[in-house]
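Data first, discussion second: the structure below is written as structure tokens.
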Amino acid sequence: MTSTKTLRRAGDLKLATSVLALLMAGIAAPALAGQDQAATAAAEKEDATIIVTGTRRTDRTVLESAVPVDVFTADDFKAQPAPQLQTILQTLVPSFNQQRNLLGDASAFVRPPTLRGLPADQILVLINGKRMHRSALVQVAAGALNAGAQGADLSQIPGVALGRLEVLRDGAAAQYGSDAIAGVINLGLRRDTGYEVTARYGQTYEGDGQDTQLTAFYGTKLGDDGGFFNITGEFIDQNIWDRSVPRPSVAPLAAQGITTDFPTGNRLGGPENRAYRAVFNMELPAGDTTFYAFGNYGWQRQGNDFNLRVPVTVTHAPIDGRPGTATTSRSVNPVFLTRAGFDATGRALWDVNGATFNINDDPRFPTFRNGFVPFFEATNEDIGLVGGFKGAEFGIKYDVSLMYGTNQIRYFMSDTVNASLGPATPTDFYMGKLVQREFNFNADFNTEAEVGFAKPLFIAWGVEVRREAYEVGLGDAASWTVGQFAAQQLVQCTLLATGGVAPCATPGASAPTNVRITTALPGSNGFQGFGPASVTEGGRNNYSAYVDFEATPVEGLDVGVAARYDYFNDFGDTFNGKISARYAFNDIVAVRGAASTGFRAPTPGQQFTQNLTTGFPFGSTVPQGIATVRPDSPIGQFFLAEPLKPEKSTSFSGGFVVTPGGGFNITVDYYNIKVTDRIGITGNLNPNQANGTGLTATQFLLAQGVAEAAELGAVRYFTNAFATRTQGFDVTIQHKADTGFGRFNTTLAVNYNNTKVTDRRVVAGTLANGQSLSNFRPVDDVRVGNIELSNPNWRAVLSETYTNGMFDATARGSYFGSFTAFNDPITTGIGATPGVTAAQAAALYPVPFSKKFGAQVAFDLEVGVTFEEKFRIAVGAQNLFNTFPQRETRNIFPQTGGAANGSIYPDTAPIGQMGGFWYLRASARF
């Protein structure tokens, strides 16, 4: 295994080196042109950008920082092909990645990012230096890297509202508190005034995914001392785009005269999205004190298709080498309506020859005759508000603020049923809500003291009080009710000579012996609503204090020391520290480094989340229920789950900065981040495997009265189950040049990242039904493989911006290295291949079941013209050459070329599955 990985990485390195050589040649080209020395000096002065992230000093520039910080301005945003902030970040920061999660339930709507291969809730997001609240969504279906994460929703802040963006690529928990393990993203809101409007329209090369964006900005001065107020509004309207091929069931259904609503069965791609957002920012000086406030409001509604539910059982060609995949069973079985008595325990008996209810044939539900595709929707309302005052008194600067933030997500499902309710089922459901609420109080102070150093000693200190709460709200009863038809005991009644049916048993009598059981999946089919077992509300309080010193003992040497104490009322306390240093040998070369400890407390959302959705666990060709349960729930306790505890981390970084002149800046930084007790969701656990007593977990739990155990295909829960080491390096090369035919701004950013799972918890013990476990790993080999290899080791972005008078152009090349995706193996039990033993399945589909996908390059281009310095018109393309990921070859049906759900690409492909996208943009500023 090690040698294989070594060869893969060597191949990646060779390819990346070749690409790097070509890109460097591109960087060198502008430098060969004749440069105006005065213009070059001005360009270098622009690089002296003051940073506010990673330091509490107000005189540090990007290149003087002891830790790597990327700074982007409005000029970097205006030529971006996509309006969403997280997509902008992916094109600007190579170590920032984001997956599409096509069938990831709510994760298709709130897409979680990664930074340096670490999940969204290990990235701290700030707005104007203040902590941004989290999304209410806990990512239960977001892929291996983000499974279980709960981070901030970056899409709530329009890119046009930003004046600058800073990305600290270093651990900073000792400075900012929980979550700042991978780094910090600080969103600096605009401070300018004036009027600005922008309109953008585009669509994919395939002709779908029509996308309209309208933005408006207004800003005005407040007083004569630098005060201001501005507000930004954004409207987005996006249509679904579909990259699926027909499901294997579509053709045999058509042969029977059954035409599905969509040619491929259901659409598989980007969701539809309509969003309204507003952001304001203000400051009002009053003598020595400045009052400030900023905030955001956002509302959006998104929706996408869930899996096709077929009306009848059909046969088709099987997956090559996998017998038993030639059948797609009907999705919703009929329920039996004629009650035939009761068994000895009082459970109802139903006559197998009696009346039935079939959703696909009932005239009351004509739209379900050809099967149905549940449509999943969510509304997302986001509110953030910060207010405070800052100033200076007695030589001490102060900043005191209050923050309130809330995010509420409400779920809806239409065109589906609760089959366990039989004829009484509705077809539209409200499934409940998720709510995240946060309250922060911050008091920050700093001063300087002469202690005999080359520069005054900078001292900062402060306190923080946080309240974080999470709520799961009840859905409509029909969305979660386990109806009377959920599990039916069927009996064969005796036919009379007259043609009637004799009673199988009289009410209250003992049952006859000819009994069998059928089940109907309870709750809204596709995504079960939040019922009483899921509804919860809870929170916690956090009290923090920090101190921060930065000094210049001798000229050229900068040293920083930070320490932070945190107390959580539910986890206890933690102490973390950070040391950083930078030494400049001369004006050209400097070295820098940092070491820190960090932590991340489990969120209330991770502690309280519990839901049921559908998927294809263990190779199933039909949708099965996948339950995410709380550790303290009956199902979680059955699988020996334990209460969550905080993650801990150590981080080291080191590198150098070179500023040779001539418009060049070069930074190289190595990092090493170790995280223990990492929180995530377990791999899928099979509740239908027989144990020592002959009972499966599902059968045992049902017998114990745990109704939510009915019809489960897989179980998972939150746990501290593994440790990782993430290491790599970032290289950034910038060059600015003014030539006789225009100004060139060139940036090459390269990231190498490698994550290794260094430890996994082993669970040993006896389950409640008597089964003995001796080597149970909550995080399985499939999850480990995806954590380590589903993100490319190599990422690089080369961007070139050219301006010459009224003309401008931006070209960008993004390199994505190879990656490997792992699938669940085919197993025995539910969803297994009929007639195939475990040994045969293992031979056909080894554990873990992996596939390597090759490296790819995508290009973006935008060309614009500005008239009278106020009006700009631009045309552009994202993924200019319409590059798609390498296609899947695992579990593919030969007649369609796709998987059971119609997908043809890996969901983890960093290049995305949309293909090429063109757009027009027009703006005016006054």
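These values consider heavy atoms only, across backbone and side chains, with no hydrogens, waters or symmetry-generated copies.
Checked against the 6.0 Å centroid criterion, the rings of Tyr218 and Phe280 do not qualify as a close aromatic pair.
Rounding to the nearest 0.5 Å places CG of Asp225 at 9.0 Å from CG of Leu284. A distance of 7.0 Å separates CD of Gln156 from NE2 of His133, quoted to the nearest 0.5 Å. Note that the CD atom of Gln213 and the CG atom of Asp237 stand 11.5 Å from one another [nearest 0.5 Å]. One finds the CG atom of Asn380 at 7.0 Å from the OG atom of Ser155 (value rounded to the nearest 0.5 Å). Rounded to the nearest 0.5 angstrom, Ile157 CD1 and Leu189 CG are separated by 7.0 Å. The CG atom of Asp153 sits 6.5 Å away from the CE atom of Met132 when rounded to the nearest 0.5 Å.
Closest approach of Thr204 and Trp241 over heavy atoms only: CG2-CB, 4.4 Å. Taking both residues in full, the closest heavy atoms of Ala584 and Arg582 are given as CB-NH1, 3.8 Å, listed atom of the first, atom of the second, then distance. The minimum heavy-atom distance linking Arg134 with Asn407 is given by the pair O-CB, 3.7 Å. For the pair Gly916 and Asn882, the tightest heavy-atom approach, listed with the atom from each and the gap, is N-OD1, 2.7 Å. Contact record, Thr114 with Ile123: C-CD1, 3.9 Å, taken as the closest heavy-atom pair. Summarising the geometry of Pro660 relative to Phe664, their closest heavy-atom pair is CD-O, 3.5 Å, with the distance given to 0.1 Å.
A salt bridge links Arg131 to Asp179: at least one charged side-chain nitrogen sits closer than 4.0 Å to a carboxylate oxygen. Between Arg592 and Asp170, no side-chain nitrogen of the basic residue sits less than 4.0 Å from a carboxylate oxygen of the acidic one, so the salt-bridge criterion is not met. Looking at Arg277 and Asp382, no side-chain N of the basic residue comes within less than 4.0 Å of a carboxylate O on the acidic one, giving no salt bridge.
If you check the side chains of Gln210 and Tyr201, you find no donor sitting under 3.5 Å from an acceptor. Side-chain N/O atoms of Gln878 and Asp860 include no donor and acceptor closer than 3.5 Å. Of the N and O atoms on the side chains of Asn804 and Tyr802, at least one donor lies less than 3.5 Å from an acceptor on the other residue.
Within the 3.5 Å criterion, the main-chain N or O of Leu748 finds no donor-acceptor partner in the side chain of His735. A donor-acceptor pair is defined here as one N or O able to donate and one able to accept, closer than 3.5 Å; no such pair exists between the side chain of Arg921 and the backbone of Gly864. A donor-acceptor pair is defined here as one N or O able to donate and one able to accept, closer than 3.5 Å; no such pair exists between the side chain of Arg925 and the backbone of Gly194. Checked by atom type and distance alone, the side chain of Asp208 pairs as donor or acceptor with a backbone atom of Asp242 at under 3.5 Å. A donor-acceptor pair under 3.5 Å links the side-chain atoms of Tyr205 to the main chain of Leu880, judged by distance alone. Between the Asn186 side chain and the Gly129 main chain, a donor and an acceptor come within less than 3.5 Å of each other. Here the side chain of Gln856 pairs a donor or acceptor atom with the backbone of Phe884 at under 3.5 angstrom. Looking only at distances, a side-chain donor or acceptor of Asn146 sits under 3.5 Å from a matching main-chain atom of Pro113.
Applying the salt bridge (charged side-chain N to carboxylate O under 4.0 Å, His left out) test to Arg872 and every residue at least two apart in sequence or in another chain returns Asp808, Glu862. With sequence neighbours left out, Phe807 forms a ring pair (Phe, Tyr, Trp, His ring centres under 6.0 Å) with no residue at all.
A cation-pi contact, defined as under 6.0 Å to the ring centre and within 45° of the axis, is absent between Arg243 and Tyr905. A cation-pi contact links Arg190 to Phe217, judged by a cut-off of 6.0 Å to the six-membered ring centre and 45° from its axis.
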Between Asn665 and Lys736, does a side chain to side chain contact (heavy atoms under 4.5 Å, CB included) hold up when you go through it step by step?
-> CA-CA 9 Å; Asn665 293 318; Lys736 295 181 179 180; over 6 Å; no
How far apart are the C-alpha atoms of Asn753 and Arg795, what are their side-chain angles, what is the distance that settles it, and do they pass the side chain to side chain contact (heavy atoms under 4.5 Å, CB included) test?
-> CA-CA 8 Å; Asn753 188 84; Arg795 276 273 282 126; over 6 Å; no
Take Glu800 and Thr746 through the side-chain hydrogen bond (donor to acceptor under 3.5 Å, both in side chains) test and state the conclusion after the steps.
-> CA-CA 5 Å; Glu800 181 75 63; Thr746 310; 2.6 Å; yes
Run the numbers on Asp75 and Asn745 for side chain to side chain contact (heavy atoms under 4.5 Å, CB included), then give the verdict.
-> CA-CA 11 Å; Asp75 288 338; Asn745 188 342; over 6 Å; no
Side chain to side chain contact (heavy atoms under 4.5 Å, CB included) between Asn230 and Glu196: does it pass, once the steps are laid out?
-> CA-CA 11 Å; Asn230 63 49; Glu196 181 180 320; over 6 Å; no
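Crowding of Asn586 atom CG: a count of heavy atoms from other residues, nucleotides or ligands under 6.0 Å exceeding 12.
The aromatic rings of Phe235 and Tyr276 sit tilted relative to each other, their planes meeting at an angle between 30° and 60°. The aromatic rings of Trp794 and Phe729 lie perpendicular to each other, with more than 60° between the two planes, well past the 30° mark. Classification of the Tyr292-Phe294 ring pair by plane angle, with boundaries at 30° and 60°, yields parallel.
Looking at Phe109 and Asn304, their side chains come closer than 4.5 Å, going by heavy atoms from C-beta outward.
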